[in-house]
Amino acid sequence: MKKYTALALGIMIASGSAIANSKLVIAHRGASGYLPEHTLAAKSAAYFMGADYIEQDVVMTRDNKLVVLHDHYLDRVTDVAEKYPERFRMENGKKRWFAIDFDLAEIQGLSMTEGFNVSSEKFSKESAQAIFPERFPLWKSSFRVHTLEEEIELIQGMNKSTGHDVGIYPEIKAPWFHRHEGKDISKAVLEVLKKYGYTKKTDKVYLQCFDPNETQRIARQLMPAIGMDLKLVQLMAETSWNETMVYTRGKPSPYSYDWMFQPGAMAEIAKYADGIGPWKPFLVDSSSTKDHLIITPMISEAKKAGLEVHPYTFRADKGRIPTYADNFEGMLDIFFNKVGVDGVFTDFPDKAVEFVKQSEGKANKKS
Ligand code: G3P
Ligand code: CA
């Protein structure tokens, strides 16, 4: 992991940081700890668990429709490999079924399930191995991929029927890939957001993206051109994840995120974004222990630059709690109350909402 070198180590509690909002609970792919990620069922569950924002990862289909899927391929959460065995591309020696090669009607004819891996070369539902074996069982009940518009209508519909005001948190997935394929996904997402009334920073939406070139393009070109000014969140990754690629003479190479871990980076990001979405270890070093918490300077630099900080991903599954925390609530306590983050992406919004209620209750009693 890249990190601030000379400054990094030692306990640094982010004192005096100006936290803009109360603690936000962002339902990561919906209530994905309980129901298959990015299904409307997972979104409804998150809504009624009291999440402040519900996340949508967005990719584009061959017929230019926006669908809610974490990957720009379909084979980790659907039976596409069984229904369309020949419609794959090879990527890094692996068969992949890209959403961009299918029309919406074809995609909506697929069965959708929990995330899985397939160990054998040939797909079968029986050989699929759940990534989280203790979560919702594979291939049970009936789920399908839905569009961004369907999900916004669901959330806005529930806002109307309940009187609540839950926000949306769309992520533009792999814009570099979509644009290489001739599709301007960011422009299409902005048009949908505008159609549904999300146009300004005070609206209940954060728009997020891992690709810094694209986040800057959204801030400086696309939004001004169509009269929009939304809150933008720059997601952060390690270069080695190949999360963002750059094409030079048609050949992709990884975008280097290294600059984001240097002093001064947060001030640079603040020139075009309102917040950052860091991986948890970018804020709390993984070598931390229960007795010695190592908080990197990223949070204080981000706060100094006026950025909100929403780290990912808070999971309560067995084996997913960092060794420096006792349990899920202990991990939230560290991030909210010691690091000073403004919100968390979590697969377990019910637990995070309960934690926030309890901790705000305690704070009120003290004051
Ligand atoms: O967008 C925040 C968080 O969701 C980033 O991780 O890979 O789950 O989209 P990912
Ligand atoms: Ca995401």
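All heavy atoms count here, side chains included; hydrogens, waters and symmetry mates do not. Residue indices begin at 1 and follow the sequence shown. Counting starts at 1 for both ligands and their atoms, following the listed order.
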message: Can you name the atoms of ligand 1, numbered from 1 with element, that are less than 4.0 Å from a heavy atom of Lys173?
response: 7 (O), 9 (O), 10 (P)
Contacting atoms of ligand 1, where contact means under 4.0 angstrom from a heavy atom of Leu235: 1 (O), 2 (C)
query: Any idea which N/O/S atom from Glu171 gets closest to the Ca ion (ligand 2)?
result: OE1
query: Any chance the side chains of Tyr34 and Asp350 put a donor and an acceptor closer than 3.5 Å?
result: yes
- request: Enumerate the atoms of ligand 1 whose separation from the nearest heavy atom of His70 is less than 4.0 angstrom.
  value: 7 (O), 8 (O), 9 (O), 10 (P)
task: Give me the one residue out of Val339, Leu283, Ile295, Asp326 that meets side chain to side chain contact (heavy atoms under 4.5 Å, CB included) with Ile334.
output: Val339
query: Without hydrogens or angle criteria, can the side chains of Lys173 and His178 be said to hold a donor-acceptor pair below 3.5 Å?
result: no
field: Thr313 touching ligand 1 at heavy-atom level, < 4.0 angstrom
entry: no
field: Per atom 4 (O) of ligand 1, closest listed option by heavy atom (Gln56, Gln208, Glu55)
entry: Glu55
- request: With the Ca ion (ligand 2) as the reference point, give the N/O/S atom of Asp57 that is nearest.
  value: OD1
- request: Output yes when a side-chain donor or acceptor of Gln208 lies under 3.5 Å from a complementary backbone atom of Tyr169, and no otherwise.
  value: yes
statement: Here the N/O/S atom of Glu55 closest to the Ca ion (ligand 2) would be OE2
- line: Numbered in order shown, the ligand 1 atoms found under 4.0 Å of a heavy atom of Phe345 are 2 (C)
- request: Consider ligand 1: state whether an atom of it lies below 4.0 angstrom from any non-hydrogen atom of Glu243.
  value: no
- request: Take His310 and Asp342, measure what side-chain hydrogen bond (donor to acceptor under 3.5 Å, both in side chains) needs, and give me the verdict at the end.
  value: CA-CA 6 Å; His310 301 165; Asp342 305 289; 5.1 Å; no
statement: In this structure, atom 6 (O) of ligand 1 is nearest to the protein heavy atom Tyr312 CD1, 3.9 Å
- line: Between Arg96 and the options Asp75, Asp101, Asp71, the side-chain hydrogen bond (donor to acceptor under 3.5 Å, both in side chains) test singles out Asp75
message: Can you confirm whether Met266 sits close enough to Met298 that some side-chain heavy atom of one is under 4.5 Å from a side-chain heavy atom of the other?
response: yes
task: Check whether any side-chain heavy atom of Phe116 lies under 4.5 Å from a side-chain heavy atom of Gln129, and answer yes or no.
output: no
- prompt: Are Arg29 and ligand 1 in contact, using a heavy-atom cut-off of under 4.0 Å?
  reply: yes
